[in-house]
Amino acid sequence: MVLRYLGQLDDSEFESALQELRLTRSIWTIDLAYLMRHFGVRHRFCTQTLGVDKGYKNQSFYRKHFDTEETRVNQLFAQAKACKVLVEKCTVSVQDIQAHLAQGHVAIVLVNSGVLHCDLCSSPVKYCCFAPSGHRCFCRTPDYQGHFIVLRGYNRATGCIFYNNPAYADRMCSTSISNFEEARTSYGTDEDILFVYLDS
């Protein structure tokens, strides 16, 4: 979605990059940072954990691929600097995010989709028991469900964040800052955020 927005998405080159970077199974935020680097997109990846949090092994969302992915993901973190992938262990505030968006840039954020809800979508999309056929369910669930969204702006007056949800590519979504913060700081996200600069 971001590469298409930047006008850098050639389907064959994209498929080749996915194979080269081994992005065919589970996707971690570090994978997306490497993908941005591959296409020459200026980026900055901020996270709370440089590597894989071993505590996630018992989370249902991570359990299936944890053992096979742990070594691969940790190697990506270890090689990031040499590969010119900018990764920082840091805390990012909502104000930091708003400042980035105010400059016309976008950000890819890992959220708990079981917590995130859109204030603009009609109730059939918000509640899975009424979800249209073919739409992914994003109702609240007790288990962590990792999902990437693309931040595109905010409204300081109303205190909302605008984003694109790849599950609903036909619309822009909006949520309150409090809901966004709850979704992006849920256990399982490592508060991962990939700042993408449109002047790449």
Side-chain angles (χ1 to χ4, degrees), residues 1-3 18 21-37 43-77 80 85 87-92 94 96-97 106-118 121 125-128 131 134-152 161-169 171-196:
M1 181 181 285
V2 170
L3 291 171
L18 294 182
L21 297 171
R22 297 180 2 201
L23 304 183
T24 55
R25 298 183 74 185
S26 64
I27 304 296
W28 295 64
T29 316
I30 189 73
D31 290 314
L32 298 180
Y34 272 81
L35 187 63
M36 292 300 123
R37 173 67 186 101
H43 65 279
R44 176 176 163 233
F45 171 27
C46 297
T47 182
Q48 292 291 304
T49 309
L50 295 175
V52 176
D53 183 335
K54 288 192 176 289
Y56 295 163
K57 185 171 187 172
N58 298 319
Q59 290 260 332
S60 60
F61 180 79
Y62 288 103
R63 191 177 301 130
K64 183 176 180 182
H65 298 292
F66 190 89
D67 290 334
T68 56
E69 290 289 279
E70 182 182 17
T71 301
R72 182 187 74 82
V73 171
N74 283 335
Q75 284 177 341
L76 290 176
F77 274 96
V85 174
V87 180
E88 298 176 40
K89 182 178 180 180
C90 61
T91 299
V92 175
V94 170
D96 295 330
I97 295 169
V106 297
I108 301 171
V109 183
L110 179 60
V111 297
N112 180 351
S113 65
V115 171
L116 185 72
H117 65 85
C118 175
C121 292
V125 174
K126 287 167 66 175
Y127 303 103
C128 65
H135 280 70
R136 182 173 172 185
C137 169
F138 281 94
C139 64
R140 285 182 176 259
T141 126
D143 293 331
Y144 168 76
Q145 292 295 314
H147 185 63
F148 292 108
I149 61 172
V150 179
L151 301 188
R152 55 184 286 178
I161 298 278
F162 299 111
Y163 64 94
N164 283 99
N165 182 341
Y168 305 119
R171 69 197 74 184
M172 178 185 68
C173 290
S174 173
T175 192
S176 66
I177 287 176
S178 60
N179 178 249
F180 170 67
E181 283 293 277
E182 182 185 3
R184 83 172 183 100
T185 61
S186 293
Y187 181 71
T189 66
D190 286 328
E191 298 184 28
D192 283 3
I193 181 165
L194 182 59
F195 291 107
V196 177

Query raised in the report: What residues, two or more places apart in sequence or in another chain, satisfy salt bridge (Lys or Arg N to Asp or Glu O under 4.0 Å) together with D31?
Result: R72

Query raised in the report: Do V92 and E191 have side-chain heavy atoms sitting under 4.5 Å apart?
Result: no

Query raised in the report: For the residue pair R171 and C121, what are the closest heavy atoms and their distance?
Result: CD-SG, 3.5 Å

Report task. With rounding to the nearest 0.5 Å, note down the distance linking CG in L110 to CG in D192. Result -> 5.5 Å

Requested in this report: Give the ring-plane orientation class for F45 versus F77, where under 30° counts as parallel, over 60° as perpendicular and anything between as tilted.
Outcome: tilted

Query - Closest non-hydrogen atom pair, M172 against N164 - result: CA-ND2, 4.3 Å

Requested in this report: Locate the shortest heavy-atom distance separating Q48 from K89; write the atom from each residue and the value.
Outcome: O-CE, 3.1 Å

Query raised in the report: Are the side chains of C46 and F195 in touch, meaning some heavy atoms are under 4.5 Å apart?
Result: yes

Query raised in the report: Under 3.5 Å, is there a donor-acceptor pair between the D53 and T49 side chains?
Result: no

Requested in this report: Pick out which of L32, V109, V111 makes a side chain to side chain contact (heavy atoms under 4.5 Å, CB included) with F148.
Outcome: L32

Requested in this report: Report the distance from atom OH of Y163 to atom CD1 of I149, rounding to the nearest 0.5 Å.
Outcome: 6.0 Å

Report task. Start with the C-alpha gap between V52 and W28, add the side-chain angles, then the distance that decides, and say whether side chain to side chain contact (heavy atoms under 4.5 Å, CB included) holds. Result -> CA-CA 10 Å; V52 176; W28 295 64; 4.0 Å; yes

Query - Rounded distance (nearest 0.5 Å) linking atom CD1 of I177 with atom CZ of R184 - result: 10.5 Å

Query raised in the report: To the nearest 0.5 Å, what is the distance between CE (M1) and CZ (R152)?
Result: 9.5 Å

Report task. To the nearest 0.5 angstrom, please state how far the CD1 atom of I193 sits from the OG1 atom of T91. Result -> 12.0 Å

Report summary line: Heavy-atom nearest pair, S186 first then V115, reads OG-CG2, 4.1 Å

Report task. Quick one: closest heavy-atom pair of G51 and N74, and the distance? Result -> CA-OD1, 3.2 Å

**Report entry** Passing option when H147 is tested against N112, N165, T189 for side chain to side chain donor-acceptor pair (under 3.5 Å)
**Finding:** N165

Query - Beyond-backbone contact of L3 with M36, side-chain heavy atoms, under 4.5 angstrom - result: yes

Query - Side-chain touch F66/Y56, heavy atoms, less than 4.5 angstrom - result: yes

Query raised in the report: Does L76 offer a backbone N or O that forms a donor-acceptor pair with the side chain of Y34 under 3.5 Å?
Result: yes

Query raised in the report: Say you draw a straight line from OG of S174 to CZ of F180; how long is it, rounded to the nearest 0.5 Å?
Result: 11.5 Å

Query - Side-chain donor-acceptor contact under 3.5 Å, T47 with D190 - result: no

